[in-house]
Engineer: 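Okay, handing you the structure first.
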Protein chains: 4
Amino acid sequence: MKKEKLTRREREKLRQRQEILAAALDLFSEKGYHNVSMHEIAGKAEFAIGTLYKFFQNKEDLYKALVLEKCDTFEKVMVQAIEASDDEVEKLRNYVMTKGERFRSNLPFVRLFLAESKGASFNIKAGLDEELRKRMYGFLERLASIFESGIKNKRFKPISSPYSLAVALDSVLDAFLLLWLDAPERHPYPEDPDTILDIFFKGLIES
Amino acid sequence: MKKEKLTRREREKLRQRQEILAAALDLFSEKGYHNVSMHEIAGKAEFAIGTLYKFFQNKEDLYKALVLEKCDTFEKVMVQAIEASDDEVEKLRNYVMTKGERFRSNLPFVRLFLAESKGASFNIKAGLDEELRKRMYGFLERLASIFESGIKNKRFKPISSPYSLAVALDSVLDAFLLLWLDAPERHPYPEDPDTILDIFFKGLIES
Amino acid sequence: MKKEKLTRREREKLRQRQEILAAALDLFSEKGYHNVSMHEIAGKAEFAIGTLYKFFQNKEDLYKALVLEKCDTFEKVMVQAIEASDDEVEKLRNYVMTKGERFRSNLPFVRLFLAESKGASFNIKAGLDEELRKRMYGFLERLASIFESGIKNKRFKPISSPYSLAVALDSVLDAFLLLWLDAPERHPYPEDPDTILDIFFKGLIES
Amino acid sequence: MKKEKLTRREREKLRQRQEILAAALDLFSEKGYHNVSMHEIAGKAEFAIGTLYKFFQNKEDLYKALVLEKCDTFEKVMVQAIEASDDEVEKLRNYVMTKGERFRSNLPFVRLFLAESKGASFNIKAGLDEELRKRMYGFLERLASIFESGIKNKRFKPISSPYSLAVALDSVLDAFLLLWLDAPERHPYPEDPDTILDIFFKGLIES
DNA sequence: GATGAATGAGGTTTCATTCAT
DNA sequence: AATGAATGAAACCTCATTCAT
């Protein structure tokens, strides 16, 4: 389905959908699912309330669509980042940099993302959690395979659990980003990815 | 305020308060702040609705009290853990072990804790976040000072940012605990604290 | 206005109108006025919503037109039935038979008709009721005049209130048809009109 | 459960329930289920909207309770009427009189009753119809058994279908009452029950 | 002091109707 | 002339909170 094949009408609809989702993202990320009313979203998006229900069956549906679509885009960018080089260390550097950039330019999304992926999400009765975790596990396995191949290629020391390493790296990134989100000046996100990677690269214990 | 000074009446009130908080913890951790009604809490605690409002000004207040008190206890236990030994490595080991034990025996609290500390908390209009983060930063500094003293005592290599290391260690622990929470069998929490600490102790790069 | 004078355009419009009414009849009779939306009718009739409003001012108008037109046809057939013979008993027989046939082959209409004529119709703010009752009274008078003429012609015993008799006969027919509608197998509508008429023809009391 | 055993609180609740039902009956019978809002009922009953939902789960539930309870009372009175005498003709006379009186003093109920029992009720998704028809069939059988016993006791001529006779008598009563409801002056309900019964008692055909 | 009945603001959602294309 | 996207009033219902008993 090429872009050119979309009729004007279809393009218009798509644009409206994006506007609704953008308004919803702003509000949800600022106040949380339960503190935002459909009226508020409609108001911010400058549509009548009924119009929202033409695009989304209900509030839950709108929220799910928002989170899933944003995560989709985010995941794709992350996958691209780790596939941009053949060198394992370079893959990790790219990942750290790209995640940082991406987060810092998508603040509203980040708040939602962390709320959904770390914090227990009580917003939606079922399904979103599982879907998101499934994706996260998938991505962690990609990350783990970088460590594996790095070990095979003798770039890294042999390590028993590459998956744990992936979990660790990812969580550390999120932690730094969360700190930065909370107080950007006090906790600047490092320009140089090695600042973070060195935590893993350089052993702490004096030998 | 010594225990002996509490009248029977006062002790009774304290016990009732605990019962309310216990019921609230169960419900909030299972369904989330917005999906639990004051009626439900009253029902589970076997008090009348009005009684809840004798103890807490409103729903928000009850929630705040619950989270803060639980965090208090938790923090005290963690501080004890890292003060139980004089050796820096032993302090870290104790921390990893104790946090794991504590989490695994306090599931309902953990869900709330993670929702509040990682996920952006949208439950409460203001205040809880800040209070909790302040405490968390305080604790992270304690952790950081372990690394500092370890470096001074030549137990650890010199590292530029002990605080970052503290953040990293803590976030990695939480990540493992979150995985374990989601699928305990697939992601067992390691018996031996060194399994986690080695991520930081042993450098990854082949030299 | 003769048929020949209708232009192709006019004939087309009339056909469309009928299609809308047919779709509306199906839906209204199945779910009731308030449980059918204009969208549903438009969908079933395969017209755009706007088109419905070209033919009918609003939902109420559409409903009124539907009921009145159907009743018109029905009334005409009933009048024909009682005028098909000169003999009073035969008139009544024809009436009983024709009403039965007509009902059984127009189920959707019957449900609406009974809802409107027996049940108090709360669908329409005003007007339909009165119009329908006026017609019903007119028809009952026709029926009454059969009894009158039967009495004058000595086919029937003298009876003080032929109108009451008309009411009675009509209501009994409806009652049997309602039973049949509810459970056709348990309450078959009699093939022989005399089964019903005998209730009136043969006195019940032993003399 | 004796009346005396009701606590003051319970009696109060019962009274309130009755007030809500009374307000609802007035409104429903005047405007129909779908044209009455819960707010309206609350306003007329002089309760807050929330209070209505303490007594009834939802609007449907309130309506069902209303119709069923009213029908219960009505049925009991009717059964008493036909059991007040041993003589079959007297039973029928009592029935005709009592139904007339009852209807004429319970106009709002009658409108609802006829709407539900004759007109197809589209108000309630399911259940009310069936429940009411079941009761109506039960009552018609009681009526039929009067004709049966009358035939056995030689008070009535032998008739093949006493059930049909019951249906006929009942529907004729309803028809007269409906006429009276529509235009009391034009269609007075007969004082003397025999006016109606004679339709069945005296054969129409001259022999 | 404890209770829980009563309140009503405010949430989500539907649907008859309009009007620009 | 026909369309159907957009509108927004108004429906049902929940639940935090109060206060008379």
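Computation of the quantities below employed the complete heavy-atom set of this structure, encompassing side-chain atoms and omitting hydrogens, waters and symmetry-equivalent molecules. If you're wondering where the values come from, they're calculated on a predicted model, not measured in any experiment.
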Engineer: Just the rounded figure in Å: distance from P of F:dA11 to CD of D:Glu60.
Structural biologist: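 One finds 18 Å between P of F:dA11 and CD of D:Glu60, rounded.
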
Engineer: Considering only NZ, NE, NH1 and NH2 on the basic side and carboxylate oxygens on the acidic side, decide whether D:Glu40 and D:Lys31 come within less than 4.0 Å.
Structural biologist: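 Counted as a salt bridge, because a side-chain N and a carboxylate O are separated by less than 4.0 Å.
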
Engineer: Whole angstrom is fine here: how far is it from CZ in A:Arg9 over to P in E:dA20?
Structural biologist: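 Between P of E:dA20 and CZ of A:Arg9: 15 Å.
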
Engineer: Let's test this: given Watson-Crick or G-U wobble pairing with both distances under 3.5 Å, identify the partner of E:dT21.
Structural biologist: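 Its partner is F:dA2.
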
Engineer: Ignoring the backbone of A:Tyr53, work out which of F:dC12, E:dT13, F:dG8 is nearest its side chain.
Structural biologist: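 Closest nucleotide among those given: E:dT13.
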
Engineer: Check whether NZ of the Lys or CZ of the Arg B:Lys54 lies under 6.0 Å from the centre of the six-membered ring of B:Phe47 and within 45 degrees of that ring's axis.
Structural biologist: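 Not flagged: B:Lys54 not positioned over aromatic ring of B:Phe47.
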
Engineer: Measure from CZ on B:Arg15 to P on E:dA2 and round the result to the nearest Å.
Structural biologist: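 Whole-Å distance recorded here is 12 Å.
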
Engineer: Does C:Lys59 put a side-chain nitrogen or oxygen below 4.0 Å from OP1 or OP2 of E:dA16?
Structural biologist: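 Yes, such a contact exists.
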
Engineer: Just checking C:Glu12: base, sugar-phosphate only, or nothing, at a heavy-atom cut-off of under 4.0 Å?
Structural biologist: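 Answer is nothing: C:Glu12 stays at 4.0 Å or more from every strand.
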
Engineer: Closer to the 5' end of DNA chain F via nearest nucleotide, is it C:Gly50 or D:Gly50?
Structural biologist: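 Its nucleotide being nearer the 5' end, the pick is C:Gly50.
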
Engineer: Starting at CD of D:Glu10 and ending at C1' of E:dA5, how long is that distance when rounded to a whole Å?
Structural biologist: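 Atom CD in D:Glu10 sits about 14 Å away from atom C1' in E:dA5.
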
Engineer: Nearest of F:dA2, E:dT13, E:dT3 to any side-chain atom of A:His39?
Structural biologist: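 The nucleotide sitting nearest to the side chain is E:dT13.
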
Engineer: Which residue, B:Ser37 or C:Ala48, contacts DNA chain F at a nucleotide closer to its 5' end, judged by nearest heavy atom?
Structural biologist: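 The residue mapped nearer the 5' terminus is C:Ala48.
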
Engineer: Take A:Gln57 and C:Ile49, find for each the nucleotide of DNA chain E with the closest heavy atom, and name the residue whose nucleotide sits nearer the 5' end.
Structural biologist: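 Upstream on the strand: A:Gln57.
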
Engineer: Please report the shortest heavy-atom distance between C:Ala45 and C:Glu19, naming the atom on each side.
Structural biologist: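 Nearest heavy atoms, C:Ala45 then C:Glu19: CB-O, 4.1 Å.
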
Engineer: For the side chain of D:Asn58, starting at C-beta, report the closest nucleotide among F:dA6, F:dC13, E:dT3.
Structural biologist: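 The closest nucleotide is F:dC13.
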
Engineer: For A:Met38 and B:Lys13, take the nucleotide of DNA chain E holding the closest heavy atom to each; which residue's nucleotide lies nearer the 5' end?
Structural biologist: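 Taking each residue's closest nucleotide, the earlier one in sequence belongs to B:Lys13.
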
Engineer: Please state how far atom CD1 in B:Ile41 lies from atom P in E:dG4, giving the value in whole angstrom units.
Structural biologist: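 The distance from CD1 of B:Ile41 to P of E:dG4 comes to 17 Å, rounded to the nearest Å.
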
Engineer: Please report the distance, rounded to the nearest Å, between CG in D:Leu27 and P in F:dA11.
Structural biologist: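 From D:Leu27 CG to F:dA11 P: 13 Å.
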
Engineer: Of the candidate nucleotides E:dA16, F:dT17, E:dT7, which contains the atom at the shortest distance from the side chain of D:Phe47?
Structural biologist: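 Side chain of D:Phe47 sits closest to E:dT7.
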
Engineer: Output yes when at least one side-chain N/O atom of D:Gln16 is less than 4.0 Å from OP1 or OP2 of E:dA6, else no.
Structural biologist: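 Checking E:dA6 against D:Gln16, a side-chain N or O does come within under 4.0 Å of OP1 or OP2.
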
Engineer: With both distances under 3.5 angstrom, what nucleotide forms a Watson-Crick or G-U wobble pair with E:dG10?
Structural biologist: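 Looking at the geometry, E:dG10 pairs with F:dC13.
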
Engineer: Looking at B:Glu12 and B:Arg9, is there a salt bridge between them, counting it only when a charged N and a carboxylate O are closer than 4.0 Å?
Structural biologist: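 Salt bridge between B:Arg9 and B:Glu12, a charged N being under 4.0 Å from a carboxylate O: no.
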
Engineer: Which pair of heavy atoms, one from D:Met38 and one from D:Leu52, lies closest together, and at what distance?
Structural biologist: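 Looking at all heavy atoms of both residues, the shortest contact is O-CD2, 3.7 Å.
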
Engineer: If I take atom CG in residue D:Leu62 and atom P in nucleotide F:dC12, what distance separates them, rounded to the nearest angstrom?
Structural biologist: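 Between P of F:dC12 and CG of D:Leu62: 11 Å.
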
Engineer: Is the positively charged end of B:Lys59 above the ring of B:Tyr53, judged by distance under 6.0 angstrom from the centroid and angle within 45° of the axis?
Structural biologist: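 B:Lys59 over B:Tyr53 ring: no.
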
Engineer: Identify whether any heavy atom of C:Thr51 sits under 4.0 Å from a base atom; if not, whether one sits that close to sugar-phosphate; answer base, sugar-phosphate or nothing.
Structural biologist: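 The answer is base, as C:Thr51 lies within the cut-off (heavy atoms under 4.0 Å) of a base atom.
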
Engineer: F:dA5 C1' sits how many Å from A:Arg17 CZ, rounded?
Structural biologist: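 About 17 Å, once rounded to whole Å.
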
